[in-house]
Amino acid sequence: QVQLVESGGGLVQAGGSLRLSCAASGSIFSINTMAWYRQGPGKQRELVASITTDGSTNYGDSVKSRFTISRDNAKKSVYLQMNSLKPEDTAVYYCNVHLFRTSRDYLRDYWGQGTQVTVSS
């Protein structure tokens, strides 16, 4: 009943920009923290950025000053603006959302399908 649909990935040259979007839909009572993770070839999945309900943000060291996470609560969406992209940013990017499906539900964890970001040198 809950879906996370990601978009915005693609191929870009080093130094370029991309904007990722993730929209949640379905049976949702409220959304807590939203985040972006990524997993490069042969690497562990790592946190890229997260944002709480009140707007507090957290970034991985490798993307600080280059990426910006934001959210639109009315649209149940989270975004990742990626600037000054580097080849090492190449990875599959996953949207992650913590939410309650109902007022009596426990906190659930949902993942998007992943979107490929490839940065060429």
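Ile31 CD1 to Tyr110 OH: the interatomic distance, rounded to the nearest 0.5 Å, is 11.0 Å. The line from CG of Leu20 to CD of Gln81 is 9.0 Å long, rounded to the nearest 0.5 Å. Going from atom CZ of Arg38 over to atom CG of Asp89 covers 4.5 Å, rounded to the nearest 0.5 Å. Rounded to the nearest 0.5 Å, atoms CD (Gln13) and OG (Ser120) are 5.0 Å apart. A distance of 11.0 Å separates OG of Ser25 from CD of Gln1, quoted to the nearest 0.5 Å. With rounding to the nearest 0.5 angstrom, the CG atom of Asp72 is 9.5 Å from the CE atom of Met34.
Contact of the Leu107 side chain with the Phe100 side chain is registered, since non-hydrogen atoms from C-beta on lie closer than 4.5 Å. Counting heavy atoms from C-beta on, the side chains of Asp105 and Phe29 never come closer than 4.5 Å. Side chains of Gln116 and Thr90 form a contact here, defined as non-hydrogen atoms less than 4.5 Å apart. Taking the side chain as every heavy atom from C-beta outward, Val2 and Val97 never approach each other to under 4.5 Å.
Linking Ile, Leu, Val, Met, Phe, Trp and Tyr residues whenever their side-chain heavy atoms come within less than 4.5 Å places Val78 and Leu99 in a single cluster. No chain of hydrophobic side-chain contacts below 4.5 Å, direct or via other Ile, Leu, Val, Met, Phe, Trp or Tyr residues, connects Tyr79 to Leu85. Residues Met82 and Tyr94 do not share a hydrophobic cluster, defined by chaining ILVMFWY side chains whose heavy atoms lie under 4.5 Å apart.
Between Ile51 and Ser70, the closest heavy-atom pair is CD1-CA, 4.0 Å. Residues Val12 and Gly16 come closest through the heavy atom pair CG2-CA, 3.8 Å. Leu4 approaches Trp111 most closely through the heavy-atom pair CD1-C, 3.6 Å. Closest of all the heavy-atom pairs between Phe67 and Tyr93 is CE2-OH, 4.1 Å. Between Ala14 and Ser121 the shortest heavy-atom distance is CB-CA, 4.4 Å. The two residues Gly114 and Val92 make their nearest non-hydrogen contact at CA-CG1, 3.8 Å.
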Item checked: Test side-chain contact (heavy atoms from CB on, under 4.5 Å) applied to Val117 and Val119, step by step -> CA-CA 7 Å; Val117 171; Val119 184; 4.2 Å; yes

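Without hydrogens or angle criteria, Arg71 side chain to Thr52 main chain gives a donor-acceptor distance under 3.5 Å. The closest donor-acceptor contact from the side chain of Tyr59 to the backbone of Ser65 lies at 3.5 Å or more, if one exists at all.
When Asn32, Thr53, Asp109 are each tested for a side chain to side chain donor-acceptor pair (under 3.5 Å) with His98, only one passes: Asp109.
Counting heavy-atom neighbours within 6.0 Å of Gln113 CD, excluding the residue itself, gives a total above 12.
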